[in-house]
Amino acid sequence: QVQLQESGGGLVQPGGSLRLSCAASGRILRDYTMAWFRQPPGKDREFVAAVKRASNMASHRNSLKGRFTISRDNAKNILYLQMKSLEPDDTAVYYCAATTRSLITSSLSEDQYYDYWGQGAQVTVSS
């Protein structure tokens, strides 16, 4: 079983950047397909990005491509989400998630397939 802990959230002005980290403990990160989801205030949780365990192939929410980038450092057991050109609509609690399932690309965005979740990190974009 893996434990996940997000960090790096905070308050940032529109147009700014943040990098979220998700530290994994208990198991080796490379054994898991990893993902970021977010839940804006008053809205449902939504997919942000994912990276497959074997191929390291990354998938990003279409509307976030070019601004958000997921990456993983298997040596450090850390998952990252680099966010730039942040907008007020990016305000949300960001969650790190993991699964050992072998997901097809179209399933990466489905939160039901992820078995392990972090506590979440608040990101607020406001002037």
Indicate yes or no for a side-chain donor-acceptor contact from [X] to the backbone of [Y] under 3.5 Å, with no hydrogens or angles considered.
X: N74; Y: N77; answer: no
X: E6; Y: Q119; answer: yes
X: Q82; Y: T69; answer: no

Indicate the atoms forming the closest heavy-atom contact of [X] with [Y], along with that distance.
X: G26; Y: Q3; result: CA-OE1, 3.8 Å
X: P41; Y: A92; result: CD-CA, 4.5 Å
X: S85; Y: S17; result: N-OG, 4.3 Å
X: R45; Y: Y95; result: CD-CD1, 4.2 Å
X: D90; Y: R38; result: OD1-NH1, 3.0 Å

Donor + acceptor pair across side chains of K52, T105 (<3.5 Å): yes
Q5 and S7: side chain donor to acceptor below 3.5 Å: no
With a 4.5 Å limit on heavy-atom distance, are the side chains of [X] and [Y] in contact?
X: R53; Y: T100; answer: yes
X: W117; Y: D111; answer: yes
X: Y80; Y: R72; answer: no
X: L103; Y: Y114; answer: yes

Residues, nucleotides or ligands: over 12 heavy atoms within 6.0 Å of R30 CZ: no
Co-members of the apolar cluster containing W36 [side chain, <4.5 Å]: V2, L4, V12, L18, L20, L29, Y32, M34, V48, V51, L64, F68, I70, L79, L81, M83, L86, Y94, Y116, V123, V125
Working for side-chain contact (heavy atoms from CB on, under 4.5 Å), residues Y113 and L108: CA-CA 8 Å; Y113 294 123; L108 290 172; over 6 Å; no
Interatomic distance, [X] atom [atom1] to [Y] atom [atom2] [nearest 0.5 angstrom]:
X: R19; Y: K84; atom1: CZ; atom2: NZ; result: 14.5 Å
X: S127; Y: L11; atom1: OG; atom2: CG; result: 9.5 Å
X: S25; Y: Q1; atom1: OG; atom2: CD; result: 10.0 Å
X: D115; Y: T99; atom1: CG; atom2: OG1; result: 4.0 Å
X: S63; Y: E46; atom1: OG; atom2: CD; result: 7.0 Å

Geometric cation-pi criterion, R61 with F47: 6.0 Å, 45°: no
